[in-house]
Structures are given as C-alpha cells and as structure tokens.
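Just below is one structure, and these are the notes that go with it.
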2 protein chains.
Amino acid sequence: MPERKPRKDAVRNRAAVLAAADELFASRESPQAVTMADVAAAAGVGKATLFRAFGDRTGLILALHEARLAPIGEAVEQGPPPLGPGTPPRERLPALLDALLCFKIDNRHLALALEGTGSDSPYRTEHYEWWHSTLKAVLEQLPDVTDSGFTAHALLAATRADLVEHLVGRQHTSREQMRAHLAAFTHKILPPQVPRG
Amino acid sequence: MPERKPRKDAVRNRAAVLAAADELFASRESPQAVTMADVAAAAGVGKATLFRAFGDRTGLILALHEARLAPIGEAVEQGPPPLGPGTPPRERLPALLDALLCFKIDNRHLALALEGTGSDSPYRTEHYEWWHSTLKAVLEQLPDVTDSGFTAHALLAATRADLVEHLVGRQHTSREQMRAHLAAFTHKILPPQVPRG
DNA sequence: ACACGAAGCGGACCGCGGGTCCGTATAGTA
DNA sequence: TACTATACGGACCCGCGGTCCGCTTCGTGT
C-alpha cells in the first residue's frame, strides 16, 4: 500500500479547520455567509492549507457532515432495534425517518450547507444514495409496495434541509411537532396493518 | 396613479431578454451554466439593460417562471374540473399535483433555476406560498386530516425540481412513469374512501 | 547533533460572475 | 426642430472559490 502517514502539523491543521468550520457554520445565519477565507482565518491557517486538506468547499462540508452522520450510520447498519437491521419494517421505517429528521434538525446548518453547494445535485452524493437504498430495502419488505424507489425519494424529500430550516428556523415549529408531523405522514404511507391470527 | 408607461424600446428589449433567457436556460445543461452576460449578449443588449428590467438574476428567472405558470394558476383558480375549485377534494388533490409535476417536467430548466438561486430559500417565494395554501385548503376539506400544513409541504417536496431532474433527466424515468408514481404516492395520503350509502 | 529531502505552509494572485456607474443616444413632446 | 426624460451599454468594481510558488518545518538516516 502506497499510503504514507501524514505529518503531525497536517493532522493538527486539519482538525483545527474542521473545528473552526463547524463553529462558523453553526453561528452564522446562512451557510453561504461563511467563506473559505473566513474558515482559514478562524482556524489560523492559510487558504491553501484548507484546500489541500479538503479539495474544495464541498469536500470540507462533506467531511463535517460525515463526521456527524457516522454514529447514525453505524446504528442503522449494525445497531439494536428500532434502527438496526433486526427490526420489523413497520417499526423500522418510521424510526429511520425520525432519526434522519432529528439529525437534520440538530445539524441543519450543515445539512443546509450540504444541499446548497449549488455545484451539483444533492441526489448524487454518497450519503443520499445510502439513505435511499436503505429506505428502499425496508419498503420492499412490506406487502403491496410497488414504487419503493420513488416512495423512498418522496419520503426523503419530506426531510429536505431547507424545508426543515423553513419550518423550524423561520416558523419556529418545535422539534416535537416536526417529529409528530413526519411520523403521521410516514404512517399514512405504510400499508394498512394486516390483522394477525 | 404615478405609473408612467415605459418607452417602446424598453418593452422591446424586455421581450428580447425574456426570449433569449428562455432559449438559453432550455439549451444549456445546467442553469448555472448560463450567466447574465450570456443572456445580455444573446439578447443583443447591454448588461445594465437586463438588470434595469429585472432587478437581479432571481428577478429574471421569476419573470420567466411566472409567465409559464400563469395559465395553470388560472386553471386552478377559476377553471373547470378537475383543476378548478368546483372539484371534490379527492379528485382535485391528485389533479393539482399531477399538473404541478407536468409543469416541473416540461419546464425543469426553469424550475431548477428558480429553486437553485442559492440566494434565498425556495420556501419564501410567492409561488410556493400559493401552491402550499392551495393544497392545504384542499386537504382541509378531507376528513381526518390534521397536519394539512405539513402534509402539503411534504407532497410538494415530492415534486422538487432537482428530484424531477434526477429521475427524468439523469435516470431517464419516463414522464408517464413519474406521473404514475406520484399518483400512487398521493393516493396513499388520501384517507380511505368512506363508502357511500 | 546534524544535514537534507520531502511534505506542508501561506498569502499574493487569478478568473469569473453578479451587479453598478456614467457618459451617450434616442423616444416622446411642444 | 429643439429639448428633456428615459433608456442604453460596456467599462468597471467587488467578493469569492481556487491555484501558484518561494519559504518553512517535519522527520528520518547517519
């Protein structure tokens, strides 16, 4: 393997940039109000360092995002119910969407920044692909679901970062209200419970 | 009224700009691949003329968008069924969403440009507000619907321009498939038909 | 301890795109 | 035809993402 371990100052700077960016995105009103030069300055680092470490703006935001998302990803892929794979689909689907919604509420600055990179569609990112295929797989375990692909897209669309920002940030909808609304919506999608016995 | 009628060359130029912009947005791959200077050049006009007529980039896109949307707006507000106000809600809701989807498919260049202005949220535009309140009103005519506001947002989210672009433009989903998918999705939202008699 | 190559650093620099300014041209009017 | 308000246009400005290159520092072999 041609992997060479990076120098200490490099990893230190990388961490400093991540911390500074995180803080800036959280404190500024809009993601586009934080410029790359801002981040570099806040981290006490030159611009080139920042670009060398993350490639471009999208890369930086992606790195921040993935750091926060990792625990959830793990909980979904190998954790216990109701998120983990050993959960019956009728419970798992709402649990997944609720987890995603909470993530978007708690990290809406990041989510907003990510979806608003402007450069490319949010639908072509790895993490969207992951959520979509996960949801799709769960939907396919349910009876009578034919359009699982589109349904997954539509459900994910209900948690779009700018919608969350609009309802929570602008109209001051509470976290619990949002969760209740999404839960109710999700419930309508589920096919009617087939009575057992 | 202090309204003064504009000069003839002004209206001619305005029309030329609209035509040129329409053509450019339709032909170029991505909305952000068409610059204001491009539009001005294509219209055979100086940049300042363009900004004087529309204020800024968003204003131009908005003007294009509203021109295309006007007929639909009219059909919804005073037209015959299934779009017009005299339609029972169970029929009208799918019809409205289908009309919106078709509009987004046919004008996805514009819709994409509009939602991707980057400057401000798509949720604070007049036209979104209009769709949302229209849908909400229809939903409230149905029994057992409690979260009509959120439900309206969620349904509209299923027709987001970048999602449409992803499915139709990138993955070559056909127009009819899209309409079928959205119709099926909408149907799940509707409360179960109460049997008459 | 030292030397030396490579990895990393930083900030001046570039290109591009949205938006403005102001001297000039023209439509409308008397 | 003379005169003014209105509109024109392209040179210009500014801010931002991204790059370049001469200098610094890390870390390794001796």
Side-chain angles (χ1 to χ4, degrees), chain A residues 1-21 24-25 28-65 110 112-120, chain B residues 1-21 24-25 28-64 112-120:
Chain A
M1 56 178 75
E3 293 289 318
R4 344 197 101 241
K5 61 178 176 184
R7 264 163 50 170
K8 280 183 184 169
D9 52 352
V11 313
R12 183 170 40 75
N13 281 332
R14 183 186 170 93
V17 167
L18 281 172
L24 277 181
F25 278 120
R28 295 265 226 276
E29 263 315 299
S30 149
Q32 51 199 357
V34 22
T35 116
M36 296 303 267
D38 287 342
V39 175
V45 146
K47 279 179 64 176
T49 296
L50 190 159
F51 282 97
R52 202 174 312 111
F54 299 97
D56 60 2
R57 184 172 224 266
T58 303
L60 171 59
I61 295 169
L62 230 49
L64 281 168
H65 197 262
L110 284 183
L112 212 47
L114 185 61
E115 291 182 14
T117 47
S119 55
D120 45 358
Chain B
M1 54 178 76
E3 293 288 319
R4 342 196 103 243
K5 62 179 177 183
R7 262 164 51 171
K8 281 183 183 170
D9 52 352
V11 313
R12 183 171 39 76
N13 281 333
R14 183 187 170 92
V17 166
L18 280 173
L24 278 181
F25 278 120
R28 295 264 227 275
E29 263 315 301
S30 151
Q32 51 199 354
V34 21
T35 120
M36 297 303 266
D38 287 342
V39 175
V45 147
K47 279 179 65 176
T49 297
L50 190 160
F51 281 98
R52 202 175 312 112
F54 300 97
D56 61 1
R57 187 175 224 265
T58 304
L60 171 59
I61 295 169
L62 229 48
L64 281 168
L112 212 47
L114 186 60
E115 292 182 14
T117 48
S119 55
D120 46 358

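All values below come from the heavy atoms of this structure, side chains included, with hydrogens, waters and symmetry mates left out. To find a chain, count down the sequence lines: A is the first, B the second, and so on, and within it residues start at 1. As the structure is a prediction and not an experimental result, all values here were calculated from the model.
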**Prompt:** Hey, does A:Leu18 have a side-chain heavy atom less than 4.5 Å from the side chain of A:Phe54?
**Reply:** yes

**Below 4.0 Å: OP1/OP2 of D:dG17 and any side-chain N or O of A:Arg57** = yes

**Prompt:** Going from NZ on B:Lys5 to NZ on B:Lys8, what distance comes out if it is rounded to the nearest 0.5 angstrom?
**Reply:** 8.5 Å

**Message:** Output the rounded distance in Å from CG (B:Asp56) to C1' (C:dT20).
**Reply:** 13 Å

**Prompt:** Between C:dA7 atom C1' and A:Arg14 atom CZ, what is the distance in whole Å?
**Reply:** 16 Å

**Asked** Going by modelled atom types, is there a donor-acceptor pair between the base of C:dG28 and the side chain of B:Lys8 at under 3.5 Å?
**Response** no

**Prompt:** Atom NZ of B:Lys5 and atom P of D:dA5: how far apart are they, to the nearest Å?
**Reply:** 18 Å

**Asked** Within this structure, what is the CZ-to-C1' distance between A:Arg7 and D:dC26, rounded to whole angstrom?
**Response** 4 Å

**Item:** B:Phe54 CZ to C:dT20 C1', straight-line distance once rounded to whole Å
**Value:** 18 Å

**Message:** Expressed as a whole number of angstroms, how long is the span from B:Met36:CE to C:dG17:P?
**Reply:** 13 Å

**Prompt:** Do B:Arg52 and B:Thr49 touch side chain to side chain, with heavy atoms closer than 4.5 Å?
**Reply:** yes

**Message:** Checking the side chain of B:Arg28 only, and the main-chain atoms of B:Ala33 only, is there a donor and an acceptor separated by less than 3.5 Å?
**Reply:** yes

**Asked** According to a strict under-4.0 Å criterion, is B:Thr49 in side-chain N/O contact with OP1 or OP2 of D:dA7?
**Response** no

**Request:** Could you pick out which residue, B:Arg52 or B:Arg12, lies toward the 5' side of DNA chain C when each is mapped onto its nearest nucleotide?
**Result:** B:Arg52

**Request:** Answer whether the closest heavy-atom distance between the side chains of A:Leu60 and A:Arg57 falls below 4.5 Å.
**Result:** no

**Message:** Counting only side-chain nitrogens and oxygens, does A:Thr35 get under 4.0 Å of the OP1 or OP2 atom of D:dG15?
**Reply:** no

**Item:** Whole-Å distance separating the CG atom of A:Asp9 from the C1' atom of D:dC23
**Value:** 14 Å

**Message:** Nearest heavy atom decides the nucleotide; on that basis, is A:Val34 or A:Ala48 closer to the 5' end of DNA chain D?
**Reply:** A:Val34

**Asked** So, is B:Asn13 close to the D:dC8 phosphate, meaning a side-chain N or O under 4.0 Å from OP1 or OP2?
**Response** yes

**Nearest-Å distance for atom pair NZ/C1', residues B:Lys47 and D:dA7** = 18 Å

